[in-house]
Amino acid sequence: MSDIISEAQRCLKCKRPLCKEGCPVKTEIPTIMQMFLDGKMDEAGEILFKNNPLSAVCSLICPHEKNCMGHCVLNHKNSPIKFFEIENYISSFFLEKAKLHPEEKNGHLVGIIGAGPAGLTLAIMLAQKGYDVTIIDSKDKIGGVLRYGIPEFRLPKSLLDRLLERMRDLGIQFRPNTLIGPTVTIDDMFEDGYDAIFIGTGVWKPNRLRIPGETLGNVHFAIDFLKNPDSYNNLGDHVVIIGAGNVAMDAARTILRKTSAKVDIIFFRGREEVTALQEELMLAEVDGVKMNYYLNTIKIEADGIVVEPVLKKQNEDGTISYVNDIEHPYKIPSTSVIIAIGQGAQTNIVKNTKQIDTNQRGLIEASDTGATTRPGVYAAGDVVSGARTVVEAVAATKKVAEEIDSYIKRKYNEI
């Protein structure tokens with residue numbers, strides 16, 4: 001506790017807080033710091049929650065080095081303020097004790113498909129405006145990628161359970177284990193009286209390498225593995241992970257915690273081009289992951305993967321090009337292979353709904369305020385932007401909440 005207080009006391013309370021500007025949801029960081037030092041925990045927690053209902057979550061998993069910490073003026077001394085530590089303390093405290101009450105109901109119903117970061121954010125914000133809100137999700141518990149994609153050691157699931165309690169305080173209903181699209185459709189929902197519908201289903205369709213061997217029994221997709229790591233009890237003693245994003249790092253670190261297997265990560269570029277956060281990369285290495293760079297996987301076999309070296313060349317014009325050394329392939333032995341090269345959106349909804357356009361990547365086309373090509377249907381988060389951070393999903397969804405509110409009021413001539 002004393003360390004957190006000392007960290008808050010270091011804040012310079014800048015007149016132009018760059019930390020706030022670097023935060024996608026524009027958290028009032030210096031104000032919150034001072035309220036914390038003044039003992040105004042309840043007030044600070046309420047401000048954080050109203051601005052970002054997932055504040056407690058973001059304090060743990062945000063890319064702080066890019067956002068608030070990355071913009072702190074004390075960076076020039078290599079000692080940026082760790083606001084996330086104070087934010088976590090306040091927000092966790094708030095979720096434990098806050099007694100939220102639903103606003104006076106306005107008589108309008110909004111359906112939210114997907115209980116991930118975008119869906120949860122929208123549900124809370126609309127409930128606070130007096131809307132009846134129903135969240136429908138294909139899984140049995142709320143959280144989406146927060147629960148089924150981020151390991152327990154990074155994000156305790158008890159935090160999501162406490163968030164669910166606060167959502168119930170607000171009167172939000174949750175319908176689990178229901179897949180919208182093939183059986184129940186968006187058209188059915190409109191017929192049942194929903195005034196607006198939001199799609200926040202994320203990206204759960206793993207990208208394929210499209211090389212020989214992907215269907216073998218020792219091959220798995222990282223996003224599927226992270227849903228329930230305990231069901232993968234036959235990985236063997238040497239796991240190779242193809243890909244170097246945050247999902248790859250989460251899979252690798254989970255394996256090291258749950259098994260005695262050795263873990264190698266294979267990446268077709270160099271360390272400076274790893275897509276995972278540098279902190280996550282370094283923590284993976286500390287945990288024991290071996291990084292292997294400039295290797296292109298061309299085949300998966302029952303006892304390993306076949307790779308070819310990637311040669312990095314600097315061209316005369318100063319640009320960099322990469323050439324696969326196809327004449328010198330070799331095999332890296334392994335007992336299991338996990339593919340972690342990104343995800344795309346599922347098509348259950350758009351295939352069974354008219355007028356919702358998607359782009360070439362299969363992501364839903366939506367305006368800056370979340371409006372899709374079908375009136376009354378909105379979307380935000382990863383299903384629109386592709387895989388991004390949780391706080392970016394929150395920022396996008398805040399705009400959608402205002403737009404849906406305006407749309408329904410216009411629809412019923414309430415403004």
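Here, residue 1 is the first one in the sequence, and each next residue gets the next number.
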Student: Residues in salt bridge (charged side-chain N to carboxylate O under 4.0 Å, His left out) with Lys351, at least two apart?
Tutor: none
Student: Could you tell me which residues satisfy side-chain hydrogen bond (donor to acceptor under 3.5 Å, both in side chains) with Asp264, sequence neighbours excluded, listed by chain and number?
Tutor: His238, Asn292
Student: Between Lys26 and Glu21 (salt bridge meaning N to carboxylate O under 4.0 Å), is one present in this structure?
Tutor: no
Student: Taking salt bridge (charged side-chain N to carboxylate O under 4.0 Å, His left out) as the test, write out the residues that go with Lys354, two or more places apart.
Tutor: none
Student: I need the Leu146 CG to Leu155 CG distance, nearest 0.5 Å.
Tutor: 6.0 Å
Student: So, using ring pair (Phe, Tyr, Trp, His ring centres under 6.0 Å) as the criterion, who are the partners of Phe174 when residues are at least two apart?
Tutor: none
Student: Side-chain polar contacts of residues 72-85 - donor-acceptor pairs under 3.5 angstrom, sequence neighbours left out - could you list them?
Tutor:
residue: Asn75; atom: ND2; partner: Met69; partner atom: O; Å: 2.6
residue: Asn75; atom: ND2; partner: Gly70; partner atom: O; Å: 2.9
residue: His76; atom: ND1; partner: Val73; partner atom: O; Å: 2.4

Student: Would you please name every residue forming a salt bridge (charged side-chain N to carboxylate O under 4.0 Å, His left out) with Arg208, sequence neighbours left out?
Tutor: Glu214
Student: Within 45 degrees of the axis of the six-membered ring of Tyr294 and under 6.0 Å from its centre: does Arg269 put its NZ or CZ there?
Tutor: no
Student: Run the ring pair (Phe, Tyr, Trp, His ring centres under 6.0 Å) test against Phe198 and tell me which residues pass, sequence neighbours left out.
Tutor: none
Student: Identify each donor-acceptor pair in which a side-chain atom of residues 377-392 lies under 3.5 Å from a protein atom, sequence neighbours left out, and give them as a table.
Tutor:
residue: Asp382; atom: OD1; partner: Arg388; partner atom: N; Å: 3.1
residue: Ser385; atom: OG; partner: Gly381; partner atom: O; Å: 3.1
residue: Arg388; atom: NH2; partner: Glu392; partner atom: OE2; Å: 3.2
residue: Thr389; atom: OG1; partner: Glu392; partner atom: N; Å: 3.3
residue: Thr389; atom: OG1; partner: Glu392; partner atom: OE1; Å: 2.8
residue: Glu392; atom: OE1; partner: Thr389; partner atom: N; Å: 3.0

Student: For Phe225, check ring pair (Phe, Tyr, Trp, His ring centres under 6.0 Å) against everything at least two apart and list the hits.
Tutor: Tyr232
Student: Should the pair Arg374-Asp357 be classified as a salt bridge under the 4.0 Å nitrogen-to-oxygen rule?
Tutor: no
Student: For the pair Lys399 and Asp368, find out whether any cationic side-chain nitrogen is under 4.0 Å from an anionic carboxylate oxygen.
Tutor: yes
Student: Apply ring pair (Phe, Tyr, Trp, His ring centres under 6.0 Å) to Phe94 and list each qualifying residue two or more places apart in sequence or on a separate chain.
Tutor: Phe49
Student: Using the salt bridge (charged side-chain N to carboxylate O under 4.0 Å, His left out) criterion, which residues pair with Lys40? Sequence neighbours excluded.
Tutor: none
Student: Using the side-chain hydrogen bond (donor to acceptor under 3.5 Å, both in side chains) criterion, which residues pair with Gln173? Sequence neighbours excluded.
Tutor: none
